> 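The structure follows.
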2 protein chains.
Amino acid sequence: MATKCFNCPLQRSDVFIDLTKDEMRFMQNFKVGELEVDAGTTLLMEGSNSPQLYTALRGMGLRYKTLENGNRQVTNFVFPGDFIGLQAGIMGEMQHSVEASSSMTLCVFDRSELWSFFRNSPERAFDLTWMAAAEEHFLGEALASVGQRTAFEAIAWALCKIMLRGQGLGLAKDRVMPMPFRQQDLADALGLSLVHTNKTLSKLRNRQLANWGDDMLIVNDLGALADAAGMTLEPPMKRPIM
Amino acid sequence: MATKCFNCPLQRSDVFIDLTKDEMRFMQNFKVGELEVDAGTTLLMEGSNSPQLYTALRGMGLRYKTLENGNRQVTNFVFPGDFIGLQAGIMGEMQHSVEASSSMTLCVFDRSELWSFFRNSPERAFDLTWMAAAEEHFLGEALASVGQRTAFEAIAWALCKIMLRGQGLGLAKDRVMPMPFRQQDLADALGLSLVHTNKTLSKLRNRQLANWGDDMLIVNDLGALADAAGMTLEPPMKRPIM
DNA sequence: CGGTCGATTGACACCTTTCAATACGGGTGG
DNA sequence: CCACCCGTATTGAAAGGTGTCAATCGACCG
């Protein structure tokens, strides 16, 4: 039985902007169902023209591109509240693939209705643009990390970002949060080799900055980790949710 | 004397979607003036909350972020038709700086009017989202280049991208186009050192793939350059213009 | 004509990749 | 119940791409 929007568990998290009653009704109308997938499932393929859009409700995943030479670039990690398929909705087709890293629950929307956002709900249309701009912002930061940071700093940066998102969503209990990704995923996100990623992770572990293993990430001192990354900790902005 | 929108020189280029008469009127109303700047001028600063938005009419520039350690990451090059300030308009403040690399002419809009796009012109609001999604797409590609390509491939990729944009805009006459950037700019865009960038550029020159010097970029065989980059040449999508 | 900025080049250090091998846990079939 | 296999994590050694340091050069400019 699909969750009703006015009962959306994500709305309880305070990182999301509360929907008005009108918006809630509008979204409920837009929602066509719910999807449960196993870990490893590909949700959207690069180049696909999916008729469906999703909002992640539970679980985690990855966005990635595959290059001509077969290399893979992970462009972002997917967390609850993330909107999936915006590019397909706006530009016609996905520019990257999306895959589930853990089992996931997703809210399913009908892409053909996307236009009605712009016609009938300027606020929701604005939120859509906000999300695209936020993703642009994140990719800019990721680019700066991959381009300008050392492997050690980059990995610290990534783990810090992930922990911050987990905390905002209430996924992190007592400095520990689930992290169902593989080391290869992180390596592909930062443009590093698997071997070097592994060795750098153990260096972070030795220095007691971060401990990732058994699908769990433990960070005792987020400030120290941020220092190691050469970044400044900023409270995440409140964001809209679809 | 400011250019009138219905006389916009960019509309003559066929990479841009034609504006309808209504949209043209709407934009003309939104436009508050024209700005002429010298090379080296900073148009927007990271963190700033500028009351003005721009569309580049002539000239080129760069978008970049500055890291805590002082390193600079160039996130994109600015060409005519690019919209500048969208992030400030949507998210409240700029997440990157924008600087002119050559002298530039810019169309100036009033940021406070941005909301009227969503309220009064769903089509224009959609185009705004389209642009944000396109920038997201580009940053994903750039991330993949920096992360997964060798220095040689990455530079070939970047020069190829630049040449393609120049051709689309009619800036490239007979395989030659103006390129007012410094080698340091390209190095900062690709996460490479200046020295290595310089040596790689001369390698491209020796192999007759690309010749960049004296603010001019010459590419005789774009296909060969794309091959060297390990990328597939795709005709650029038609895009909206603000 | 000295001074600055960008481009160029050589030598050397080192961070990161690649290659290879081992270990460990979970699933599967005999 | 136990071999066997597969995916993932881990570790060591060696090769190599890229960064850093330093010096030179040409063009432009006050």
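Every value quoted in this text rests on a predicted model; they were computed, and no experiment measured them. Convention: sequence-line order gives letters A, B, ...; per-chain numbering from 1.
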> With a 6.0 Å cut-off on ring centres, are Phe83(B) and Tyr54(B) close enough?
no

> Protein-nucleotides 27-29 of chain D N/O pairs closer than 3.5 Å?
none

> Under the rule for salt bridge (Lys or Arg N to Asp or Glu O under 4.0 Å), what residues qualify as partners of Arg207(A), not counting sequence neighbours?
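Scan of Arg207(A) (salt bridge (Lys or Arg N to Asp or Glu O under 4.0 Å), adjacent residues dropped) gives none.
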
> Please report the distance, rounded to the nearest Å, between CZ in Arg182(A) and P in dG7(D).
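Atom-to-atom, Arg182(A) to dG7(D), this comes out as 10 Å.
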
> Figure out the CG/P separation between Asp188(A) and dT16(C), and round it to whole Å.
16 Å

> Please work out which residues in residues 148-159 of chain A have a non-hydrogen atom less than 4.0 Å from an atom of DNA chain C and list them by number.
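Residues of residues 148-159 of chain A under 4.0 Å from DNA chain C: Thr150(A), Ala151(A).
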
> Where do Ala56(B) and Met104(B) come nearest, in terms of heavy atoms and distance?
CB-CE, 3.8 Å

> Find the distance His196(B):NE2 to dG19(D):C1' and express it as a whole number of Å.
9 Å

> Return each pair, listed once, that meets salt bridge (charged side-chain N to carboxylate O under 4.0 Å, His left out) where at least one residue sits in residues 145-154 of chain B; pairs must be two or more places apart or across chains.
none

> Can you tell me which nucleotide in dT17(C), dT8(C), dT9(C) comes closest to the side chain of Gln183(B)?
dT8(C)

> Whole-Å distance between dA9(D) C1' and Leu186(A) CG?
14 Å

> Using a cut-off of strictly less than 4.0 Å between a heavy atom of the residue and any atom of DNA chain C, enumerate the qualifying residues of residues 199-213 of chain B by number.
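Output list: Lys199(B), Arg205(B).
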
> Could Glu34(A) and Arg58(A) be called an ion pair, given the rule that one side-chain N must be under 4.0 Å from one carboxylate O?
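Salt bridge flag = no for Arg58(A) with Glu34(A).
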
> Nearest whole Å is fine: how far is dT18(C) P from Leu192(A) CG?
11 Å

> Tell me yes or no: between the side chains of Ser48(A) and Glu93(A), is some donor less than 3.5 Å from an acceptor?
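The criterion, which ignores hydrogens and geometry beyond distance, is not satisfied for Glu93(A) and Ser48(A).
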
> If the plane angle is over 60° it's perpendicular, under 30° parallel, otherwise tilted; pick one for Phe77(A) and Phe181(A).
tilted

> Below 3.5 Å, can you tabulate the donor-acceptor pairs from side chains in residues 217-236 of chain A to any protein atom, sequence neighbours excluded?
unit_1	atom_1	unit_2	atom_2	d
Asp221(A)	OD1	Gly223(A)	N	3.0
Asp221(A)	OD1	Ala224(A)	N	3.1
Thr232(A)	OG1	Glu68(B)	OE2	3.4

> Classify the nucleic acid contact of Gly191(B) as base, sugar-phosphate or nothing, counting any heavy atom under 4.0 Å across all strands shown.
sugar-phosphate

> Without hydrogens or angle criteria, can the side chains of Gln87(A) and His96(A) be said to hold a donor-acceptor pair below 3.5 Å?
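Indeed, the side chains of Gln87(A) and His96(A) share at least one donor-acceptor pair under 3.5 Å.
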
> For DNA chain D, what residues of residues 63-76 of chain A have any heavy atom nearer than 4.0 Å?
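The answer is none.
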
> What pairs with Thr75(A) under side chain to side chain donor-acceptor pair (under 3.5 Å), at least two apart in sequence or on another chain?
none

> With sequence neighbours excluded, tell me which residues meet side chain to side chain donor-acceptor pair (under 3.5 Å) with Gln167(A).
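If we apply the side chain to side chain donor-acceptor pair (under 3.5 Å) test to Gln167(A), skipping adjacent residues, there are no hits.
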
> Roughly how many Å is it from CD in Gln184(A) to C1' in dG7(D), rounded to a whole number?
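From Gln184(A) CD to dG7(D) C1': 12 Å.
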
> Nearest-Å distance, CG (Asp214(B)) to P (dT8(C))?
9 Å

> Given dT20(D), dT8(C), dC19(C), which nucleotide is nearest the side-chain atoms of Leu194(B)?
dT8(C)

> Quick check on DNA chain C: between Thr197(A) and Phe181(B), whose nearest nucleotide comes earlier from the 5' end?
Phe181(B)

> My understanding is that only residues two or more places apart in sequence, or in another chain, count here; which of them pass side chain to side chain donor-acceptor pair (under 3.5 Å) with Lys161(B)?
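Glu141(B).
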
> How long is the line joining CG of Asn198(A) and P of dT17(C), in whole Å?
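So the CG-P distance, Asn198(A) to dT17(C), works out to 13 Å.
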
> If you look only at pairs with a residue in residues 194-224 of chain B, which of them pass as a ring pair (Phe, Tyr, Trp, His ring centres under 6.0 Å), with sequence neighbours excluded?
none

> Could you list all the side-chain hydrogen bond (donor to acceptor under 3.5 Å, both in side chains) pairs where at least one residue sits in residues 176-186 of chain B, not counting sequence neighbours?
Arg72(B)-Asp185(B), Arg182(B)-Asp185(B), Gln183(B)-Asn198(B), Gln184(B)-Asp188(B)

